[in-house]
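What's counted below: heavy atoms across the whole structure, side chains too, no hydrogens, waters or symmetry copies. By convention in this document, chain letters (A, B, ...) are assigned in the order of the sequence lines, proteins followed by strands, and residues within each chain are numbered from 1.
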There are 2 protein chains.
Amino acid sequence: MSSYKDKKVITIGVMSELTGLSERKIRYYEERKLIYPDRTSGGTRKYSFLDVERLLDIAEKMEDGMQTFEIRRMEQKKMKNKELRERMLRGQLNAAFNMRKG
Amino acid sequence: MSSYKDKKVITIGVMSELTGLSERKIRYYEERKLIYPDRTSGGTRKYSFLDVERLLDIAEKMEDGMQTFEIRRMEQKKMKNKELRERMLRGQLNAAFNMRKG
DNA sequence: CGTGTAAGGAATTCTGACACG
DNA sequence: CGTGTAAGGAATTCTGACACG
């Protein structure tokens, strides 16, 4: 399940280079709950490649004039829809399974 | 061709955690030409996930009592064999192709 | 040879704040 | 709201060297 993509290993400086975003922006998006780095024991932020993709996506939306709370709302909706689809899929599978059984 | 696995983004501290090797060892293996990190403009080392795998492989060989120069020699042999196989494969493909043509 | 360590300095990162708009 | 910046401090990393074996 977890792979290199999810490993939190990238410092904010490298992150800044990878995304083209200033460190200030990256920290701010964290403050606005758009991204969640890990921390070293000393407090230094660590990001994953998935976070790189997230930030690029966020950057694009910001350029389109979207506000951070809107982006956050969109993310939440996506999550909810995903859960919903999964629950429905499981429901259908269970139904089909029970039909065969009984 | 290149993916997350080859991106040099990991600092030596994280590298040390990921591999369980001391920073001293990691720097020494570089000195012995077993690993080649990139550098930031400021001189800080940056490693890739492929480097993580390399280091784990090196660590295993060191535990088996192998010396750094032997490990290095093994790597070179592997490279040469790989090139040889590829050349031979290309040769056979070319031969087959020419047979059809002429 | 391979690795630990103390040393001094430089690069990197952190937080909270002020500024502007 | 979103972002730049200067400030002071702390965490991280760097190199060259000495030590031991």
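Atom CE of B/M62 sits about 12.0 Å away from atom CG of B/D57, to the nearest 0.5 Å. Between the OH atom of B/Y28 and the CD1 atom of B/I58 there is a distance of 12.0 Å, given to the nearest 0.5 Å. A distance of 9.0 Å separates CD of A/E60 from CE of A/M66, quoted to the nearest 0.5 Å. Distance OG1/B/T40 to NZ/B/K46: 6.5 Å, rounded to 0.5 Å.
Looking only at distances, a side-chain donor or acceptor of A/D6 sits under 3.5 Å from a matching main-chain atom of A/S3. Judged by distance alone, with hydrogens and angles left aside, the side-chain atoms of A/S16 form a donor-acceptor pair with the main-chain N or O of A/L21 at under 3.5 Å. Put simply, the side chain of B/E75 never gets that close to the backbone of B/R72: no donor and acceptor are under 3.5 Å apart.
Between A/E63 atom CD and D/dT3 atom P there is a gap of 10 Å when expressed in whole angstrom units. Here the P atom of nucleotide D/dG2 and the CG atom of A/D64 are 14 Å apart, to the nearest Å. Straight-line distance from the CD1 atom of A/I58 to the P atom of D/dT3: 11 Å, rounded to whole Å.
By the 4.0 Å N-to-carboxylate-O rule, A/E17 lies too far from B/K8 to be salt-bridged with it. Under 4.0 Å is where a charged nitrogen must lie from a carboxylate oxygen, and between B/K61 and B/E70 no such pair does. Salt bridge annotation for A/R27-A/E31: absent, with no cationic side-chain nitrogen under 4.0 angstrom from a carboxylate oxygen.
Of the residues in residues 9-41 of chain A, those lying under 4.0 Å from DNA chain D by heavy-atom distance are A/S22, A/R24, A/K25, A/Y28, A/Y29, A/R32, A/T40.
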Every protein N/O lying under 3.5 Å from an N/O of nucleotides 6-9 of chain C:
none

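Taking a pair as Watson-Crick or G-U wobble with both distances under 3.5 Å, DNA chain C forms stems of 3 or more consecutive pairs at C:2-5 with D:17-20, C:17-20 with D:2-5.
Checking A/T68 against A/G43, the closest nucleotide of DNA chain D that is more toward the 5' end is the one next to A/T68.
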